[in-house]
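The block underneath contains the structure these notes are about, expressed in structure tokens.
Residue numbering restarts at 1 for every chain, and letters A, B, ... go by the order of the sequence lines. Since the structure is predicted, the reported quantities are computational estimates derived from the model, not experimental observations.
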Amino acid sequence: MMQNAKPLAEQTVGHHLARPVYQLRNVSKSYAFGKIRALDPVDLDLREGSFSSVIGPSGCGKSTLLKIMAGVTPPSGGSVILDGKPVLGARREIGMMYQQATLFPWMTVLDNVLLPISIRDGKAAAKARHNDAQALLELVGLKGFEKVYPRQLSGGMAQRTSICRMLITEPQVLLLDEPFSALDELARDFMNIELQRICLSQNATAFLITHSIPEAVLLSDDVYIMSPRPGTFLEVVRIELPRPRTLEMMTTATFGEYVRYIRSRLDEGGVTA
Amino acid sequence: MRSVDAEMAPQGLGRPITVEQGSFPETVWSEQVAWIDKIPRVVAMAGLLLTVLLIWWAVHHFEIVSRIILPSPAEVGSDIILVGRNILTGNYMLAALWMTTKEVLWGFGFAIAIGFSLGVLVGETSFGERAVLPYLVAIDTMPKVAFAPLFLAWLGFGIASKVALAAFIATFPIVVGTAAGLHAADENARMLFRTLGASRWQTLVRMKIPTGLPQIFTGLKIGAVGVMAGAITAEFLGGGKGFGELIRVAASQLQTPRVFSLILYLSVLGFLLFWSVVLIERKLVFWHRASVTGVDDRR
Ligand SMILES: Nc1ncnc2c1ncn2[C@@H]1O[C@H](COP(=O)(O)OP(=O)(O)O)[C@@H](O)[C@H]1O
Ligand SMILES: [Mg+2]
């Protein structure tokens, strides 16, 4: 048994030796001319192919951190480096997803998926990627829905479409702000497994904000625990469960221990459910 | 005491559903709908019209008000046919109707062009919102027909002054609708476009304007009503060769049946303009079905 567990654990440890993709040093943010401290200085290295989660109370600055990483909001201090180059605006390496699917109702599912290409490289380029978009939709089980308009999709289908829209640009880094928290639990479990499969197959580096401790444990190599506002990282929990993770693992004692530990650390940080 | 952690085989798995046997009364019931809400639409509308005509007829018949002020429905009916003949045979009334139509269309065209441009300026730029919008709101609160004499003095008694007043009245709702529409996009949509590195122009044309189309069309529909009011008011005050002038002359000669029938044909013009806007909206904003009356069917 022990001999069996060791090499599997090393699989995940491997990521911690990989090249850092994202590097954050002393990144902080305040709003309203310094009156609202949204994020206290944060240091972070995200290594290639790793999956990291942030968990913390509402309003502690998780979304703010993600927006800074995405180059959508400037930080008030510190440096954000992606792929060796400072982040000073939108970057092509990044794919993003939020709680809302944010599909545009006047575009078909296929056009919604192709939107990033059409914005960045023009309509002709988007047209040339038709087949890729179709393949992505097939991958998430939306074959045959290409010509459908978003209002005819369920919440889960809309979110799957938005996954395809994120993936069409073949991003190196996935920034995910509670992407499935509006879905019911069954759909959410399914989507999480899908997400893992995508990340593993593309060797993508993922950074996920979530409110769910089990979700964080299920998906992550590293779980960062954040303090209440102004948030900063309290500690990182390394999840040494083998890949690929399965839903069955959620019922194991080890999994339960991780969940219990993270919950207790969040409680100490002043977060109560 | 037993520890919770102690391994215990779970009980009660996979049981069939068993319920008590016996006879139960059927409890299918229907919701109460008042009889007045059950009347079919066509019947309800026709019934209402007939009732109004009946009251009208009674008021005329029993001379509750002077017959000069209120003609009978029959008099108005025959005059409607008379005016209809005149228009259909291409007589002077058709020329008048065409004149008013031209004023309305030109006025609406100018209102759309100016209103949309100002709306984009106000809705998209901080300068527009902070510097231009307060003036627009100030002018909008004035009774705009009061500007009519000014337009007549500046532009004369021809078509230009009518077009100007019509456009002037219709511009404001289009500005407001456009500006509100550009603000309708939510934070996520904006952030998505920012993460894609979209230019300001791309964000405006590919996201903000389409998102705001329902509000823009609300402005256009209010404008379509205003443009008619503007053209007719200008004709009342400035004469000319339009339908408003015909109405004014008929009223001054106490030809009340004629006034009524002219108003009816004028309202057909307004109706056609309004419905053209609605039909274009339905085609263009197919994902958002706005009710024509602005009142939805909930109660
Ligand atoms: N644009 C803004 N202006 C002012 N305060 C903001 C803004 N965005 C976020 N905040 C504040 O910063 C804090 C962190 O917000 P956020 O990053 O959205 O938290 P989280 O995602 O962890 O719930 C909150 O207290 C919020 O009120
Ligand atoms: Mg958030």
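Counting heavy atoms from C-beta outward, K67(A) and R194(B) have side chains that stay 4.5 Å or more apart. L192(B) is listed as a side-chain neighbour of R165(A), based on a closest heavy-atom distance under 4.5 Å.
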**OP:** Begin from the C-alpha positions of V285(B) and W106(A) and carry the test side-chain contact (heavy atoms from CB on, under 4.5 Å) through to its verdict.
**Re:** CA-CA 8 Å; V285(B) 199; W106(A) 57 88; over 6 Å; no

Original post:
Taking it one step at a time, do Q99(A) and N188(B) satisfy side-chain contact (heavy atoms from CB on, under 4.5 Å)?
Top reply: CA-CA 9 Å; Q99(A) 189 173 341; N188(B) 288 307; over 6 Å; no

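Contact between A70(A) and T195(B) at its shortest, heavy atoms only, is CB-CG2, 4.3 Å.
Neither the backbone nor the side chain of T203(B) comes within contact range of chain A; no heavy atom of the residue lies under 4.5 Å from a heavy atom of that chain. For R92(A), no part sits under 4.5 Å from any heavy atom of chain B, backbone or side chain. Heavy atoms closer than 4.5 Å to chain A are found in the side chain of F193(B), but not in its backbone.
Although no hydrogens or angles enter the test, the distance criterion places no donor-acceptor pair under 3.5 Å between the side chain of Y149(A) and the main chain of F286(B).
At a heavy-atom separation below 4.5 angstrom, chain B is approached by L115(A), P116(A), S118(A), I119(A), R120(A), K123(A) within residues 114-124 of chain A.
Counting non-hydrogen atoms of other residues, nucleotides and ligands closer than 6.0 Å to CG of L279(B) gives a total above 12.
Put simply, CE on M191(B) and OH on Y98(A) are 4.0 Å apart, with the number rounded to the nearest 0.5 Å.
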